[in-house]
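Below is one structure, written out as structure tokens, with a few remarks after it.
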Amino acid sequence: MTDTATFAGLDPVTLGDLLRVAGLPGFDRWQDQIKRTGGCADPIHLRGWVIHKDKVTGETLHRYSTENEPGGRLRVACGNRRASRCPACAWTYAGDTYHLIRAGLAGDPDKDIPGTVRDHPRVFATFTAPSFGPVHNRPDRGVCRCGTRHAADDTALGTALDPTTYDYAGAVLFNNHAGELWMRTINRLRREIAKRAGLTQRELAETCRLSYGKVAEFQKRGAVHFHAVIRLDGPDGAGSAPPSWATTDLLTDAIHAAATHPYSRVSVPAAGDQSARTFQWGRQLDVRPVKAFGDGSDLTEQAVASYVAKYATKAAENTGTPDTAVYCRSCRGTGRSRRYDRAGSVLGRCATCRGTGLGEDLARLDVPEHARRLMAACIQLQPLYPDRQLARWAHMLGFRGHFSSKSRRYSTTLGALRQARADFRASQERAALGLDEREPDTVLVLAGWQYAGHGHTPGESALAASIARDIQINRETAREALRDQLALEGAAA
Ligand SMILES: [Zn+2]
Ligand SMILES: [Zn+2]
Ligand SMILES: [Zn+2]
């Protein structure tokens, strides 16, 4: 149990509830559940059961039901990536991203990534969005074009100098196509590498593999950009040595060439009042080598992994966008729905949203004006580019990709990390029962689950927050110990 001093500042109502919770018969098991969620601030409650049966004899091998859990419920983590919604789950996500990027940089024997990836050419690259009009900023010379010296936390930063001329439509269309632009650039990069090595694409695939892990981030101005760790491996991925011609310099040079090549562009056709557009990366392409241990001049693995993880959770919150979609679900944001009469079906105005395509009143949302305008642009563009699902992704300012993704061979996936965590307890139980020793297809698993609400009472909430803090402190201590150990290895090498 956590030190009681942690709860000293609580109001009497919360403290009273906390004492009530702590006195309940199932409290130990409740604490156990919340520990497993990492101290989630808004856990999902489930009711249900799982039965393991022997397929041949029909004998029940193991039966689990939430009936014996506190309140008859199992609590699972909400998994929200936003720190403002659930600090514990956002922190877990940041930790997962950290391990994902780090495993791809330094190796992780548990996940079949050998430490020899450290000797592979690796860079940390940032691909930015182009300009959609001047915004308030803090230039090196100090004074913004508006004549003001903005403070670092000024909410005007990143917003349009002139909202009447800013290209909001272009900004959200860019976000919407950023994933395609990335894929085209990666394809081009393979060609640029092959060209420099004097190989055909096919020959390249036989000797050298390109792999990457990347995260998307919103800049203050609401434009998506990407941070990526890009690595060259041998033909079998992380476990095989890259050919001798594969150097960090060659990789860096190839990335610069690929990012500016005409192939690394995405065209958006004209529609309605929108003229045709061609998107390419912004001019601020940054490519830096990643070293295993810093000599002060280069990025270290640790710095890159921490940086990427930090941005993975910050991404959506940077611009103050809402947590959930804002489009009208009954018409999928089109503002039009199919009506049936004797003559057949006709397209008419959606009755739910009265043709606006919105499920929320944008004017009433508690978001900054710049984000509101970008969301409004998504809704206005929806009928012009119906395939792009701009209304559906309006709350993400048109961006429809994942905040972190990787090529197949980069390292373990976030899903695998989550699964490993979720399975831990189940596997402990199965192992205790000897179920793991049985052939997998001799066991029949039956299960039934039901949603039974979410959240905490005030007292539970205070307890969960303290559990989250304890877990965080423990993991940070472990991470620091690892860092010290790596530093020692580095000094010895
Ligand atoms: Zn949570
Ligand atoms: Zn300004
Ligand atoms: Zn509608």
Side-chain angles (χ1 to χ4, degrees), residues 33-46 74-96 133-163 165-166 220-221 313 316-317 323-339 347-362 368-370 378-380 382-383 386 389-392 394 418 421-422 453-456 460-461 463-469 471-472:
Q33 283 192 7
I34 300 306
K35 268 183 202 152
R36 270 197 293 136
T37 68
C40 176
D42 188 21
I44 316 280
H45 300 195
L46 299 171
L74 181 70
R75 289 148 189 87
V76 297
C78 73
N80 201 303
R81 220 165 30 74
R82 293 179 183 233
S84 61
R85 290 291 285 266
C86 180
C89 289
W91 196 81
T92 303
Y93 178 85
D96 284 351
V135 294
H136 291 282
N137 61 1
R138 305 176 74 208
D140 293 339
R141 63 180 183 279
V143 183
C144 172
R145 278 202 243 181
C146 72
T148 316
R149 251 173 222 278
H150 295 289
D153 59 351
D154 192 335
T155 51
L157 288 172
T159 67
L161 271 177
D162 182 0
T165 58
Y166 193 77
K220 274 221 161 61
R221 61 186 170 121
T313 46
E317 275 170 306
D323 283 330
T324 50
V326 293
Y327 72 118
C328 168
R329 283 182 168 80
S330 46
C331 62
R332 296 205 179 99
T334 59
R336 300 169 71 72
S337 62
R338 216 160 268 287
R339 278 202 303 247
L347 270 184
R349 204 168 72 159
C350 169
T352 311
C353 63
R354 298 206 185 88
T356 63
L358 283 164
E360 306 271 345
D361 185 353
L362 283 188
E369 188 54 29
H370 187 73
C378 288
I379 300 294
Q380 281 154 18
Q382 167 68 37
Q389 301 191 49
L390 283 147
R392 182 167 176 205
R418 285 208 193 93
R421 199 164 31 239
H454 69 103
H456 287 305
E460 289 176 340
S461 193
L463 284 164
S466 93
I467 289 172
R469 271 195 303 276
I471 294 172
Q472 185 158 354

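Treat the numbers as computed from the prediction; the structure is a model and nothing was measured. Atoms within a ligand are numbered from 1 in the order they appear, just like the ligands themselves.
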Practice prompt. Given side chain to side chain contact (heavy atoms under 4.5 Å, CB included), test H150 with N137 step by step and report yes or no.
Written response: CA-CA 7 Å; H150 295 289; N137 61 1; 5.9 Å; no
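- Considering only heavy atoms from C-beta on, L358 stays 4.5 Å or farther from C353 through its side chain.
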Item to complete: Take T159 and R221, measure what side chain to side chain contact (heavy atoms under 4.5 Å, CB included) needs, and give me the verdict at the end.
Response: CA-CA 6 Å; T159 67; R221 61 186 170 121; over 6 Å; no
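- Looking only at side-chain heavy atoms (C-beta outward), Y166 and H370 come within less than 4.5 Å of each other.
- Summarising the geometry, atom NZ belonging to K220 is positioned 13.5 Å from atom NE2 belonging to H136; distances are rounded to the nearest 0.5 Å.
- Expressed to the nearest 10°, the angle at the Zn ion (ligand 3) joining SG in C350 with SG in C331 is 110°.
- Distances shorter than 2.8 Å separate the Zn ion (ligand 2) from the protein N/O/S atoms H136 ND1, C144 SG, C146 SG, H150 NE2.
- For K35 against I471, the heavy-atom pair with the smallest separation is O-CD1, 3.7 Å.
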